[in-house]
Amino acid sequence: MRLIRWLAPLALGLMIIVASPKAHAIDAVSVRGDAPAIDLTAILEYQQSETDRIQVSTAPGTDGIVRRIEVRAREAGQNWVVFALANNTDDQLDRLIVAPHYRIVSSGLLWPDLGMSRIATITPSTGDRPERQDSATADIFRVTLDPGAVITFVAELRTGKLPQLYLWEPEAYKDKVNSFTLYQGIVIGISGLLALVLTILFVVKGSIMFPAAAALAWAVLVYIGVDFGFWGKVLDMSSGAERIWRAAGEAMLAATLLVFLFAYLNLNRWHVRYSHITLAWLLFLGSLVALALFDPAVASGIARISLVLIAFAGFGLIVYLSTHGFDRAVLLIPTWFLLVVWVVAAGMTVAGSVTNDIVGPALLGGLVLIVMLIGFTVMQHAFAGGGATNGVVSDVERRALALTGSGDLIWDWDVSADKVFTSPETEALLGLKRGTLEGPAAKWLEVLHPLDQDRFRAALDSVLDQRRGRLVQDFRLRTPDGHFMWFALKARPVVGSDGEVSRVVGTLTDVTESKNAEERMLHDSVHDNLTGLPNRKLFIDRLGAVANFSKTVPTLRPTLMVIDLDRFKQVNDSVGIAVGDSILLTLARRLARILKPQDTLARLAGDQFGLILMSETDPAKITAFAETIRKTIRAPIAFNDREIFLTASIGLALSDPTVPLSDEIIKDAELAMYHSKRIGGDRIDVYKPAMRARKTDRLTLESELRRAIERQEITILYQPIVRLEDRSIAGFEALARWDHPKLGRMSPVEFIAIAEEIGLIIDLGMFVMDQTARQLAIWQRAMRAREPIFASVNVSSRQLLRHDLLHDIRTVLSRSSVAKGTLKLELTESLVMENPEHAAQMLLRIRELGTGLSLDDFGTGHSSLAYLQRFPFDTLKIDQSFVRTTTRGTRPVILKSIIAMAHDLGMDVVAEGVETDSDAVELYQLGCEYAQGFAFGEPMDADAAMRLLTEERLEAAN
């Protein structure tokens with residue numbers, strides 16, 4: 001495939017490469033990995049050709065040689081630009097070449113450039129032709145720069161001018177487009193709302209100024225809609241139609257601005273000549289709309305000149321009328337002055353004096369602001385009687401209006417009369433009768449929560465004593481049905497002429513919802529979300545409280561129990577995680593019913609519970625209570641039409657009166673529980689000091705496994721996967737091993753289950769995925785094979801159920817530049833069928849990130865073929881039980897059907913457990929593409945795998 005891609009440009013006659021030491025070479029722009037955008041406009045080399053072909057010199061490559069290439073135009077164009085890019089990094093870089101269709105910057109005043117598609121095609125000196133991306137506002141091409149590559153690009157232009165050319169990092173360009181889209185949406189929304197309001201006001205008021213202002217607002221809406229590309233999305237217009245709309249919009253803007261000035265200043269009452277001049281000018285501008293259909297550039301240039309004349313001539317006329325006693329003109333001076341400033345800024349922009357990309361959207365936003373000010377000026381004149389008024393609303397009225405608008409409740413305490421007044425809404429919220437809360441301040445103590453009464457009384461006394469400051473108080477008020485609502489009081493004292501506080505005035509705000517949210521967050525932080533029981537953090541905190549309390553009460557000696565369900569992971573695998581959660585909830589409720597108020601039950605981990613037993617102190621009764629717990633768990637749980645039976649391993653730790661109580665007792669109980677589990681489970685064991693002598697117990701392994709990644713004890717081995725067609729290495733499966741400092745190398749069977757139970761499987765899976773991706777990138781850079789090497793990584797159920805898995809995959813792929821689809825995630829059949837709907841959604845999103853998907857151990861689970869068609873797997877791995885021959889020396893009949901079904905679904909097939917060469921030959925004859933097993937190599941480290949790949953490459957070369 002790679003050879004075809006290299007020969008295709010040569011076959012099409014696009015490129016002729018010859019050594020030319022005397023050729024004039026262009027300078028290549030170095031592309032950094034951390035640069036979000038690079039402006040290429042200044043380094044473009046413009047060229048013209050007399051025919052539809054052009055020959056250019058490339059930038060010197062890594063070997064220093066300058067080459068000549070010949071490019072043929074696709075659209076018979078004769079305008080070209082040449083530029084070169086160099087990737088001096090070690091990573092493959094994806095970039096976007098962006099040429100906007102229209103820029104107001106440097107567009108020109110006369111015969112302006114109104115925009116159109118700029119680039120027909122881009123031809124690189126090496127590699128694939130850049131892919132054009134869909135965009136209505138710019139020509140966008142995606143390019144890929146290999147590490148160390150120097151590529152010269154020849155762009156065929158559709159016009160003789162290219163206003164701007166940028167090289168963008170894709171995500172940075174997406175962020176820029178999104179930010180501008182949000183801004184444009186806000187501006188268009190404000191403009192449309194303003195036009196609608198002014199139109200409605202014309203119906204209400206009937207003044208001629210309102211339709212004139214509304215027409216200006218609609219013209220601005222049309223203009224910014226064209227410039228922001230809004231109408232192009234709505235009407236699906238071509239680039240030629242967009243130029244017509246832009247020119248017509250500028251003509252409409254100038255015309256409506258002239259109409260507004262004439263209507264607002266009422267020029268016809270001063271002299272009839274003004275009416276004639278305005279009418280003639282308006283007809284002339286109206287004709288520009290028709291001219292835009294034939295020559296948009298000419299119409300736009302005339303409209304822009306007219307806009308400048310209207311702004312400056314209008315400002316001079318407004319100033320003149322203002323100095324001659326025309327009050328209406330006075331109100332318009334600030335707004336029209338801003339219009340003049342806007343016209344000057346727009347003129348500098350179209351002339352090229354201001355080149356920032358933000359200036360275009362900023363000018364359009366400023367135009368909307370000016371129209372908004374015009375609307376306010378019109379409303380001020382129309383509704384205020386035509387004159388400028390000052391002090392219409394007093395300061396007291398403003399405060400009253402602001403308080404009413406805020407929705408807060410009034411709270412006023414007349415200190416001298418000792419009478420509290422509050423808004424009627426306060427009593428309505430509480431369901432109290434009107435006047436219940438009015439009266440002495442002490443009356444509020446009757447409805448306050450008992451815990452808030454002292455704080456409320458102390459806060460009022462403090463304000464009276466200090467005669468200054470601000471009262472900020474949160475308290476609860478009781479409703480008639482007995483529940484409480486939270487209110488926030490913000491008040492200040494009012495000091496009279498005698499220096500004493502005469503009033504305390506402020507507002508009340510209902511903050512019940514926010515307080516409830518805070519309480520929920522606090523509860524959730526120390527409680528288990530599934531069962532509602534205390535979590536491990538709160539369990540340890542309560543144990544600490546009991547330890548402190550036991551110092552004052554020596555006879556208080558609690559018992560600690562750790563309860564762990566036996567083989568609960570198998571239950572999850574059998575009935576699914578959702579049903580497993582329901583089982584845990586049922587058990588939590590059963591256990592809670594047999595406890596007394598002074599006891600504490602907590603969920604410590606997935607299927608592990610902790611109990612602080614305070615209600616029983618006699619050893620015999622403690623043992624009997626533990627037996628009750630064991631029998632409670634053994635009681636069957638009904639599920640659909642069957643019953644589920646569970647057992648538990650229970651560890652007890654009795655507190656020693658001679659030793660201070662600490663959280664070490666939890667570890668003692670866990671040791672007893674693991675001892676019970678090791679000898680079969682479904683039993684109760686009491687902690688004995690001899691249990692700590694075992695160095696390989698479960699607790700020790702958990703502790704050491706948590707530090708195994710940090711100590712670099714996790715080793716990744718790679719088992720080869722070969723193509724059965726030519727027996728070449730196609731990829732590897734990554735397998736984790738734990739090099740325990742005392743126990744030696746441990747297989748995943750010995751520690752993966754522990755990692756899943758203690759929640760370490762997420763970090764472990766992320767570590768294996770990241771290391772495998774890094775190693776895969778090294779192999780691919782070293783081999784440069786026709787089909788890149790792939791690597792498979794196993795994914796656990798906990799990883800698949802986390803939405804953060806998408807973020808983890810994206811992070812891994814960004815760190816390692818691997819070919820798309822070569823990092824494959826392996827998921828077992830039983831795993832995806834636990835929650836097929838969720839799995840289907842997650843797998844689709846994982847596939848979109850550029851990761852391959854492999855279905856492992858096919859045939860061992862209970863999948864539905866209907867669901868299997870929905871999963872986007874590209875590889876199917878057949879379990880070794882279907883590969884190995886039967887006792888009669890034949891292979892399972894279903895093997896051929898599985899391979900055929902996989903091919904029908906568009907998947908490659910990998911056979912596991914291939915042990916002999918005859919197995920490989922027979923599998924190839926059945927249509928299997930890949931195989932792995934001891935026949936092709938045992939799992940090996942990365943160095944051995946690299947040597948194997950190198951040897952295979954040398955043999956192929958010979």
Side-chain angles (χ1 to χ4, degrees), residues 527-536 561-595 599 601-611 624-652 669-670 672-685 698 749 752-759 761 796-801 827-839 857 859-864 867:
H527 287 80
D528 177 52
N529 292 331
L530 174 64
T531 61
L533 297 175
N535 59 17
R536 191 181 190 94
M561 297 185 189
V562 173
I563 307 162
D564 192 273
L565 302 181
D566 299 328
R567 296 174 293 280
F568 189 73
K569 185 178 182 301
Q570 297 178 8
V571 176
N572 270 341
D573 293 339
S574 174
V575 299
I577 294 178
V579 177
D581 288 345
S582 299
I583 293 173
L584 290 176
L585 182 59
T586 302
L587 291 178
R589 291 174 176 173
R590 284 184 180 179
L591 295 177
R593 282 196 294 267
I594 64 176
L595 300 181
D599 302 329
L601 178 66
R603 185 184 179 194
L604 304 182
D607 59 347
Q608 190 177 100
F609 296 88
L611 173 62
F625 184 80
E627 182 64 25
T628 301
I629 292 178
R630 190 180 73 87
K631 292 180 179 179
T632 300
I633 295 175
R634 284 176 58 89
I637 298 175
F639 169 65
N640 288 342
D641 55 347
R642 61 172 175 166
E643 293 182 335
I644 297 176
F645 293 87
L646 293 174
T647 61
S649 299
I650 303 176
L652 272 70
E670 288 178 336
M673 179 271 294
Y674 288 132
H675 177 77
S676 173
K677 192 174 287 289
R678 272 196 304 270
I679 58 179
D682 190 21
R683 55 180 285 127
I684 303 167
D685 280 283
R698 175 68 172 268
V749 177
I752 289 297
I754 299 177
E756 289 183 343
E757 290 182 12
I758 66 177
I761 192 65
S796 71
S797 60
R798 285 180 178 258
Q799 288 177 280
L800 184 64
L801 292 174
L827 299 95
T828 62
E829 185 179 6
S830 59
L831 172 59
V832 295
M833 291 308 300
E834 286 183 4
N835 191 340
E837 296 295 336
H838 174 78
D857 296 340
T860 61
H862 47 81
S863 65
S864 165
Y867 271 112

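Heavy atoms only: backbone and side chains are in, while hydrogens, waters and symmetry mates are out.
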**Request:** In sequence, state the C-alpha distance, the side-chain angles, and the governing distance for S649 and D566, and then conclude on side-chain hydrogen bond (donor to acceptor under 3.5 Å, both in side chains).
**Result:** CA-CA 7 Å; S649 299; D566 299 328; 2.7 Å; yes
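- Between R683 atom CZ and I650 atom CD1 the span is 11.0 Å, to the nearest 0.5 Å.
- For the pair T647 and R634, the minimum side-chain heavy-atom distance is below 4.5 Å.
- Using a 4.5 Å heavy-atom threshold, the side chains of L587 and D607 count as separate.
- Taking each heavy atom of Y674 and Q608 in turn, the nearest pair found is OH-NE2, 4.1 Å.
- Taking both residues in full, the closest heavy atoms of I594 and F625 are given as O-CE1, 3.5 Å, listed atom of the first, atom of the second, then distance.
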**Message:** Quick one, L584 with L565, criterion side-chain contact (heavy atoms from CB on, under 4.5 Å). Give me CA distance, side-chain angles, the key distance, then yes/no.
**Reply:** CA-CA 10 Å; L584 290 176; L565 302 181; 3.7 Å; yes
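- Here the straight-line distance linking atom CG of L595 with atom CG of L611 works out to 5.5 Å at 0.5 Å rounding.
- Once rounded to the nearest 0.5 Å, the distance linking CD1 of I629 with CD1 of I684 reads 8.0 Å.
- Side-chain atoms of S676 never come within 3.5 Å of backbone atoms of A672 as a donor-acceptor pair (strictly under, hydrogens ignored).
- Residues satisfying the salt bridge (Lys or Arg N to Asp or Glu O under 4.0 Å) criterion with R590, sequence neighbours excluded, are absent altogether.
- In this structure, the separation between CG on D564 and CE on M673 is 4.5 Å, given to the nearest 0.5 Å.
- Listed by chain and residue number, E670 satisfy the salt bridge (Lys or Arg N to Asp or Glu O under 4.0 Å) test with R536 (two or more places apart in sequence, or in another chain).
- Considering every non-hydrogen atom in both P534 and L601, the closest pair reads CD-O, 3.0 Å.
- For the residue pair N535 and A602, the shortest heavy atom distance occurs at O-CB, 4.2 Å.
- Expressed to the nearest 0.5 Å, how far CD of E627 lies from NZ of K631 amounts to 5.0 Å.
- Closest of all the heavy-atom pairs between L585 and L530 is CD1-O, 3.6 Å.
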